[in-house]
Each structure stands twice: as structure tokens, then as C-alpha cells.
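What you see is a predicted model; the values in this text were computed from it and never measured. Note: hydrogens, waters and symmetry copies are ignored here, and every other heavy atom, side chains too, is used.
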Amino acid sequence: MKVIIIGGVAAGATAAARIRRLDEKAEITVFERSGYISYANCGLPYYIGDVITDPAQLTLQTPESFFTRFRIDMKVHHEVTAIHPDSKTVSVRNLETGEEFTEAYDKLILAPGAKPSQPRLSGIGIDRLFTLRTVEDTFRIREYIRENRPESAVLAGGGFISLELAENLTELGMDVTIVQRPMQLMNPFDPEMAAFIHSQLRRHGVKLALGYTVEGFEESGEGVDVLLKDAKPLHADMVIMAIGVTPDTHLAEEAGLELGIRGSIVVNDRMETSVPDIYAAGDAVQVRHFVTGQDAVISLAGPANRQGRIIADNICGGDSRYTGSQGSSVIRIFEMTAAVTGINETGAKNAGIDADSVILSPMNHAGYYPGGSLMTIKAVFEKETYRLLGAQIIGYEGVDKRIDVIATAIRSGMKATELKDLDLAYAPPYSSAKDPVNMVGFIIDNISKGILKQWHLEELQTIMDKNDVTLLDTRTCEEYERGHIEGFRNIPVDELRDRLDEIKRGNPVYVICQSGLRSYIACRILEGSGFEAYNFCGGFRLYDTVKNDRYLTEKSTACGMDI
């Protein structure tokens, strides 16, 4: 059996190695357009920032080491220029010599990945304008920084790569601005959770130009002007385009394979394309979203590796199936960690799912043990069924652990209420007897039983416009004086039982505290005393973060980038 693989990074390299482990006699050839195979895309920003100092650490394997161990022919600097399904051949060009030849296959695997999105903007291609996708891109950016010592950079786009670059360039001493059209960074997060990310970036000096459309680029002196719609240009010594990626599928399209959303390659759950004996995996393929069941393109290393393994199993006579992607991701933003799995509340509504959410701010470990820190968790669930849909967590220590627990719960089909039953490891340096994930389950269980009624941030103005409600802040007097929502009167929770006569009966009471815990206790006191009470989801900490974020973003927009 002769197998040809187009692309030698995550999916392609995994498929090649797995085929060899299953079939010692298979003839396997990988054509990789760049000069590197099996490299760590996610590590590239950290090489630019000198966190990773040895370039050899970026590549998990070399063509030589791959051949030594697996007897697989890794042909780098070889570009497949055409696929011919009828003759089961591919046309190949050696990019070093210019030689062109044809290679036959029994099975063909497409793992071309994705390419940086390149909108049709003026100035694309000028010096000091970079993209980051390959090892060569990384070397080019790092070399430019070392030779020219730029003092400022504009990053166009607000996704994972852009934020990782922002951190690393800032740590190099550069003045960094992120500009993008949406009013928030990191679309997998809901706006109120993204506000915590914005705050962290601003705290470290990163400027955010949100709500601005990039229209082009111009060379200006020794730098670049980023041209913006209806705003003055942004000037920087260098610009990096990080506005996302697009499936690299022109070969598949020219060969007549069925394409799906965003031009991705359509595959079934065995990773088979519409053409017999051709498989596809990685960033170039359309998958089923595990939570919504809808078609999606999810460009992540974990799914790509699993898909490559599945193809290898099936080529070698097995029957492995890909059950879908759920977008589990994690990122470090300076000392903060942000993680997500499943869908957010915005995505649930777009998918037509009637969803609700809870927001809580537990400690990462036992409060009495030194060094604890808060994390903010938002869990999304379906209202009627309490099906767990997704979660977003932002904090410091322990964020990655909790998102992985919730990701596993989603994959196993657990209801959100069942999180309370998970038997999770506990010791004071690592967790609490009531783990944050258990706390998510406790809160949603209370909602399901009618013990807890919530109100959300987006309801604030509607509630405040009513005349027949009571607005109650149950924090201490000192906390209240440091900042509060106008219209909310202050009765500390520990005084509430003795001051119930100050609250008008017959009016629903909307309650807030710092995180949601004391206000929940206040709601139980009120409910037990004959009042109708609603607890604010997320607490004043959430409100204050979102309010400040909106103020800063609106200010920068209104005054033409005074950021």
C-alpha cells in the first residue's frame, strides 16, 4: 500500500506515524511545502518573545529523525500542485530545484492546514508587515526585531495568536496595540468574560482599539500606518496580521472534492472526503460541533492530531470515528489564564438553543491556605433539559484543571446539575472540599429546584426603570462606599434579618453582593421571610469590570483612538 500525505505538521505527521505503527510494509511519503515538519504552531509566539530560545525546540521531529524511526520519506520544500483522482496521482514541484514530477498513490491524505486570512487591503506585502503561521514566518519576525529593535507594533486581530504575540512583544519592551472590528477580543468568550481579558491586557500596557475596521496599510517614514475606517491611522514600527486563518483547500477544490463552510473540505466521521481513497484532516476540514451538532471549522491542534490518527486506523483496516469538536482551548495572558470549552451563551442563542448561565468567583484552593486567587467561571446550560453546553474560566492557578473537568463532563453527556456529584481530588494547596466545578453544579441544581432565582447584567436597566422593585446591596458598608450601583441601598447581609422592616413588602427584591454568595444568602433570608428575591449573577465584581471596560472602549472609539 502506498500512502501520500500532503502536509507534515499536526494531522499529517500523526497520520504518517500511526500508519507505520499499524503497517510496517506501507510505503509512506509526506510532501511538506515549508522546510519544517511536525512543528509546534502554538509555540511560535514564545520563540519570538525569547521564552523559547532554541529554535530546535520548535520542531518535534526532523525529516531525518522521522525517517530513522519510522522509515517515512518526509520531503520538505515539496509542493503538491495538483491532485488527479482519476489516475490516483499527484503533481509535485521541488521548490529547491524546480523539478516537477508525478507520484501515484493508493491512499491520499490531505492535511494542508490553514493559511493566514489575507483580506484584499491596500498595502498588503509591504515591508514591516508580517503574518505568523510557519516556522519561517517566526524566524522572519524574530530576525526583524533583533536587527531593527522596533519600539512599537500593531497587531491586527484579537484571537489566540494575537494575544500571545501581545504578551511576548510587550515583554520585549515594545508598545503594543491590538486593533480589530468586533468590540471584544477572543470571540469564544462572552462579552462580560472578555472584559476580564481586556482589563488584564490594559493593566500590562497593551492598548486596545476595538470596533475599528482596518482598511489598508501604508509605509510611513521608518514604520507603517494602519489605515482605519472613520478614524485616524495607527502608526507603528511593525504590523503583524493575526486576523484568523482560512482553510487552505485550493487543491481539493481544483480536484473536485466537495467543499463546505468557509471553503473547508467536507468529510464524514471516518474523515473520508467525497472522493474515494482521499481523506482529509486538520484545519482544512469541516467537522460537526459536538455540542450543537452543526457544521463548523475549528482550527486546533488536539482535534487535528486525533483526526490524523483516525485516518490511519481506517486506512489500515480499522473503523475509527470522529465524534466532533467542542473547541476546548486555553491561553496564558501574562500571569492570567483564560480557558473555554463547548459553546458560549452567544453561540447557544445563535444555534437556537434556549440557554441560561451562572457566573461565580470561587478561590482556586482552600481559602485558609496561603496564596489563593479568584477565578471567574461562566457555565452555560440548556434551560429545560439542563444539558451542559459550555464554560469559560478566567483566573490564575487551577483554571486549566477545571476547564478540562467540564470539557470531559460535556463529552460524557452529563447534565449541568450533575457537576455537583463529581468526586474530585482535594487537598488545601490544590482545591477546596467544594471544588469550583462542584459549586457550578450546586448553583445550577438550586436553579432547577426553584431555590435560586437569578437576574443578569443585561437586565439591569430594565429592572432599574421599574418603580415597584427594591434594589439591595448586601456587601459591607466599606465595600459599598468604595463603589456601588446607583439606586441600590446598602444593608449588609449580617444585618438583614434585623432590618427586614426597612424593605417594602410586595415588591420583588433584586440583590447584589461582591461575588454572588452573600447575596444568595440574603435571598434565602428574604424568601424565608415572605419576600420574592432575585440574586445577581456574577456580583459587583463582574459589573465593575464590565462597566470599566465599556467606558474605556467607548472612550477610545468616541475620541478617535485616545487609548
Side-chain angles (χ1 to χ4, degrees), residues 1-13 15-16 27-37 41 73-120 124-125 131 133-134 136-137 244-287 295-299 303-304 307-308 310-311 314-315 322:
M1 176 176 64
K2 185 174 182 180
V3 180
I4 288 179
I5 302 173
I6 301 175
V9 190
E27 181 182 347
I28 308 167
T29 301
V30 179
F31 293 114
E32 168 57 41
R33 182 170 47 197
S34 75
Y36 299 87
I37 63 161
N41 293 78
D73 197 1
M74 286 280 188
K75 293 185 176 293
V76 297
H77 293 139
H78 281 68
E79 180 178 16
V80 174
T81 57
I83 301 169
H84 312 289
D86 292 341
S87 60
K88 299 185 75 170
T89 59
V90 296
S91 298
V92 186
R93 180 185 297 118
N94 184 326
L95 298 179
E96 295 179 348
T97 66
E99 175 196 3
E100 296 186 2
F101 58 92
T102 299
E103 193 86 15
Y105 66 84
D106 296 311
K107 304 289 183 180
L108 176 64
I109 301 174
L110 305 183
K115 56 188 176 182
S117 298
Q118 291 278 18
R120 295 182 177 178
I124 291 290
T131 59
R133 183 65 181 173
T134 67
E136 287 91 343
D137 293 336
V245 294
T246 303
D248 190 358
T249 56
H250 69 281
L251 287 175
E253 180 179 16
E254 292 164 5
L257 276 66
E258 181 183 355
L259 301 184
I261 57 176
R262 294 173 52 196
S264 57
I265 303 171
V266 173
V267 293
N268 60 19
D269 60 357
R270 286 171 50 87
M271 308 309 297
E272 297 168 323
T273 71
S274 59
V275 175
D277 296 320
I278 301 181
Y279 299 76
D283 295 354
V285 304
Q286 174 179 292
V287 297
D295 293 332
V297 176
I298 298 178
S299 300
Q307 292 161 12
I310 287 168
I311 290 175
N314 293 329
I315 282 178
Y322 189 67

**Prompt:** If you look only at pairs with a residue in residues 105-118, which of them pass as a salt bridge (Lys or Arg N to Asp or Glu O under 4.0 Å), with sequence neighbours excluded?
**Reply:**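 For residues 105-118, and leaving out neighbouring residues, the salt bridge (Lys or Arg N to Asp or Glu O under 4.0 Å) pairs sorted by first residue read K107-D277.
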
**Request:** Output every pair passing salt bridge (Lys or Arg N to Asp or Glu O under 4.0 Å) with a member in residues 262-275, not counting sequence neighbours, ordered by first then second residue.
**Result:**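 Residue pairs passing salt bridge (Lys or Arg N to Asp or Glu O under 4.0 Å), neighbours aside: D269-R321, R270-E272, R270-D319.
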
Any side-chain heavy atom of [X] sitting closer than 4.5 Å to one from [Y]?
{"X": "N94", "Y": "V92", "result": "no"}
{"X": "P112", "Y": "L251", "result": "no"}
{"X": "M1", "Y": "I315", "result": "yes"}
{"X": "V30", "Y": "D73", "result": "no"}
{"X": "T29", "Y": "H78", "result": "no"}
{"X": "E136", "Y": "Y36", "result": "yes"}

Can you name the closest pair of heavy atoms from [X] and [Y] and give their distance?
{"X": "A13", "Y": "G8", "value": "CB-O, 3.7 Å"}
{"X": "G263", "Y": "P247", "value": "O-CB, 4.4 Å"}
{"X": "A255", "Y": "P85", "value": "O-CG, 3.7 Å"}
{"X": "T131", "Y": "D137", "value": "O-CB, 3.4 Å"}
{"X": "D248", "Y": "H250", "value": "OD1-ND1, 3.2 Å"}

Say you draw a straight line from [atom1] of [X] to [atom2] of [Y]; how long is it, rounded to the nearest 0.5 Å?
{"X": "K75", "Y": "I37", "atom1": "NZ", "atom2": "CD1", "answer": "13.0 Å"}
{"X": "I83", "Y": "I6", "atom1": "CD1", "atom2": "CD1", "answer": "4.0 Å"}
{"X": "H84", "Y": "T102", "atom1": "NE2", "atom2": "OG1", "answer": "5.5 Å"}
{"X": "I311", "Y": "L108", "atom1": "CD1", "atom2": "CG", "answer": "10.0 Å"}
{"X": "L95", "Y": "E32", "atom1": "CG", "atom2": "CD", "answer": "10.0 Å"}
{"X": "L259", "Y": "S274", "atom1": "CG", "atom2": "OG", "answer": "8.0 Å"}

Examine distances only and state if a side-chain atom of [X] and a backbone atom of [Y] form a donor-acceptor pair shorter than 3.5 Å.
{"X": "E79", "Y": "T81", "answer": "no"}
{"X": "Q307", "Y": "G282", "answer": "yes"}
{"X": "T249", "Y": "I265", "answer": "no"}

**Asked** Under the side-chain contact (heavy atoms from CB on, under 4.5 Å) criterion, do I4 and E103 qualify, and how do the steps go?
**Response** CA-CA 8 Å; I4 288 179; E103 193 86 15; 3.3 Å; yes

**Request:** Dump the intermediate steps for side-chain contact (heavy atoms from CB on, under 4.5 Å) on I278 and Y105, then the final yes or no.
**Result:** CA-CA 10 Å; I278 301 181; Y105 66 84; 3.7 Å; yes

**With sequence neighbours excluded, residues passing side chain to side chain contact (heavy atoms under 4.5 Å, CB included) with V266** = E258, Q286

**Complete:** Hits for side chain to side chain contact (heavy atoms under 4.5 Å, CB included) against A104, two or more places apart or cross-chain, chain-then-number order -> T89

**Request:** Name all residues meeting the ring-ring contact (aromatic ring centres under 6.0 Å, His included) criterion together with F31; count only those two or more places apart in sequence or in a different chain, and write none if there are none.
**Result:** none

**Message:** Once salt bridge (charged side-chain N to carboxylate O under 4.0 Å, His left out) is applied, do any residues pair with R133, and if so which ones, sequence neighbours excluded?
**Reply:** D283

